[in-house]
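A short worksheet on the structure shown next.
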Amino acid sequence: RRSSDLTRQIVKTMELIARNRLSKVKNKALGGRPYAQIINEILVSISERLREAEHPLLEKREKFENFCLVLFSSDRGLCGGFNNNIIGNAEKFIQSRKDKKAKMVIVGQKGTHFFRRKNYNIISTYEGLENNKELPISEDIKNKIIELYQNKEVGEVHLMFNKFKQQFIGEVVTKKLLPFEIPEEK
């Protein structure tokens, strides 16, 4: 009787901790959406000028051997299908591009451990995103992918992440970052 009460108490405590973490992650995820929307509106508004501009990040490459996949997973487990969905989608994405080789930049321990075990070409990994390291990590990733693209080590750069829909439901999103494509006005 006493051990079942202790187990029940531990489970309840774990639920409270998980609920608190989920709330923090949800607030962070939803907090960035207005910025993304404004950035997209700015890009659309200057798109006519960019169409005529020449810039290395606008340069489309017809023939290339490698592409870069920037993957966002979590550092911990106990988050349902979050990691399974993103990792499964990443594997399918890589396999669908049979004629190209993937160079991976991975944020999160779960994705890193999985793709290391499978011997994928991981060029950079990052952990501890929840410890207010977002800006330095994103700056480093930006510099790395721009360098890869400008040095013609990769012909495309793709970003894969989970978009928060509602509690326990996320949508895996894949976006092509480079070559930069000007969004069409809706």
Side-chain angles (χ1 to χ4, degrees), residues 25 28-30 32-33 36-37 39-40 43-44 47 50-51 55-127 129 134 137-186:
V25 169
K28 263 187 182 179
L30 295 176
R33 284 191 182 166
Q37 187 175 353
I39 289 170
N40 195 47
L43 291 174
V44 168
S47 64
L50 279 177
R51 286 189 203 293
H55 191 280
L57 300 181
L58 294 170
E59 176 189 329
K60 290 185 181 177
R61 304 197 177 118
E62 298 300 319
K63 295 181 180 179
F64 59 92
E65 290 181 25
N66 302 311
F67 68 95
C68 178
L69 178 62
V70 181
L71 177 75
F72 285 83
S73 67
S74 73
D75 282 334
R76 300 179 192 163
L78 299 174
C79 48
F82 180 90
N83 289 310
N84 292 339
N85 288 341
I86 194 87
I87 289 169
N89 276 281
E91 261 199 316
K92 286 177 192 168
F93 180 78
I94 292 166
Q95 290 168 359
S96 73
R97 305 177 60 90
K98 296 176 184 109
D99 58 331
K100 311 283 186 225
K101 295 176 187 152
K103 291 187 175 197
M104 299 186 76
V105 174
I106 303 176
V107 178
Q109 287 180 6
K110 293 298 181 179
T112 300
H113 293 317
F114 178 86
F115 287 102
R116 268 208 183 115
R117 276 195 317 271
K118 298 268 190 160
N119 293 319
Y120 280 83
N121 184 5
I122 300 172
I123 55 173
S124 193
T125 63
Y126 302 90
E127 296 174 4
L129 198 60
E134 295 96 341
I137 287 174
S138 60
E139 188 77 23
D140 195 47
I141 291 171
K142 175 201 71 154
N143 293 336
K144 193 168 298 305
I145 64 176
I146 287 174
E147 179 185 334
L148 285 169
Y149 193 77
Q150 286 183 333
N151 292 340
K152 298 184 180 181
E153 293 179 48
V154 296
E156 292 177 347
V157 177
H158 298 270
L159 176 70
M160 188 174 285
F161 59 94
N162 267 307
K163 181 178 180 181
F164 182 83
K165 288 277 196 191
Q166 54 183 293
Q167 193 167 339
F168 305 116
I169 298 174
E171 172 188 2
V172 176
V173 177
T174 305
K175 288 194 175 215
K176 185 174 173 184
L177 294 179
L178 295 174
F180 180 74
E181 293 176 352
I182 299 153
E184 295 297 325
E185 195 165 5
K186 294 179 180 174

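Values in this document were obtained by computation on a predicted structure and should not be read as measured data.
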Please report the closest heavy-atom contact between [X] and [Y], naming both atoms and the distance.
{"X": "Val70", "Y": "Ile141", "value": "CG1-CG2, 4.1 Å"}
{"X": "Val154", "Y": "Cys68", "value": "CG1-N, 3.9 Å"}
{"X": "Ile145", "Y": "Leu177", "value": "CD1-CD1, 3.9 Å"}
{"X": "Met160", "Y": "Leu69", "value": "CB-CD1, 4.0 Å"}
{"X": "Gly155", "Y": "Tyr149", "value": "O-CE1, 3.2 Å"}
{"X": "Thr112", "Y": "Ile122", "value": "O-CD1, 4.0 Å"}

(request) Mind running side chain to side chain contact (heavy atoms under 4.5 Å, CB included) on Arg97 and His158 for me, showing each step along the way? (result) CA-CA 12 Å; Arg97 305 177 60 90; His158 298 270; 4.0 Å; yes

(message) Salt bridge check, Lys103 against Glu153: does any charged N sit closer than 4.0 Å to a carboxylate O?
(response) yes

(request) Using modelled atom types only, decide if a donor and an acceptor are shared between the side chain of Ser73 and the backbone of Val107 within a distance under 3.5 Å. (result) yes

(message) Treating Lys144 as the side-chain partner and Ser124 as the backbone partner, does any N or O pair qualify as donor plus acceptor under 3.5 Å?
(response) no

(message) What verdict does the side chain to side chain contact (heavy atoms under 4.5 Å, CB included) test give for Glu65 and Asp99, after you've listed the backbone C-alpha separation in whole Å, the side-chain angles of each residue and the deciding distance to 0.1 Å?
(response) CA-CA 7 Å; Glu65 290 181 25; Asp99 58 331; over 6 Å; no

What distance separates [X] [atom1] from [Y] [atom2], expressed to the nearest 0.5 Å?
{"X": "Arg116", "Y": "Ile106", "atom1": "CZ", "atom2": "CD1", "answer": "8.0 Å"}
{"X": "Thr174", "Y": "Lys92", "atom1": "OG1", "atom2": "NZ", "answer": "11.5 Å"}
{"X": "His113", "Y": "Ile87", "atom1": "NE2", "atom2": "CD1", "answer": "10.0 Å"}
{"X": "Phe72", "Y": "Phe161", "atom1": "CZ", "atom2": "CZ", "answer": "8.5 Å"}

(request) Show your working on side chain to side chain contact (heavy atoms under 4.5 Å, CB included) between Phe114 and Glu91 and close with a plain yes or no. (result) CA-CA 10 Å; Phe114 178 86; Glu91 261 199 316; 3.6 Å; yes

(request) With side chain to side chain contact (heavy atoms under 4.5 Å, CB included) as the test, would you mind laying out the steps for Ile123 and Leu148 before giving the verdict? (result) CA-CA 10 Å; Ile123 55 173; Leu148 285 169; 3.2 Å; yes

(request) Output, in order, the C-alpha distance, side-chain angles, deciding distance and verdict of salt bridge (charged side-chain N to carboxylate O under 4.0 Å, His left out) for Glu139 and Lys142. (result) CA-CA 5 Å; Glu139 188 77 23; Lys142 175 201 71 154; 3.1 Å; yes

(request) Find out whether the Lys NZ or Arg CZ of Lys101 is both under 6.0 angstrom from the six-membered ring centre of Phe67 and within 45° of the ring's axis. (result) no

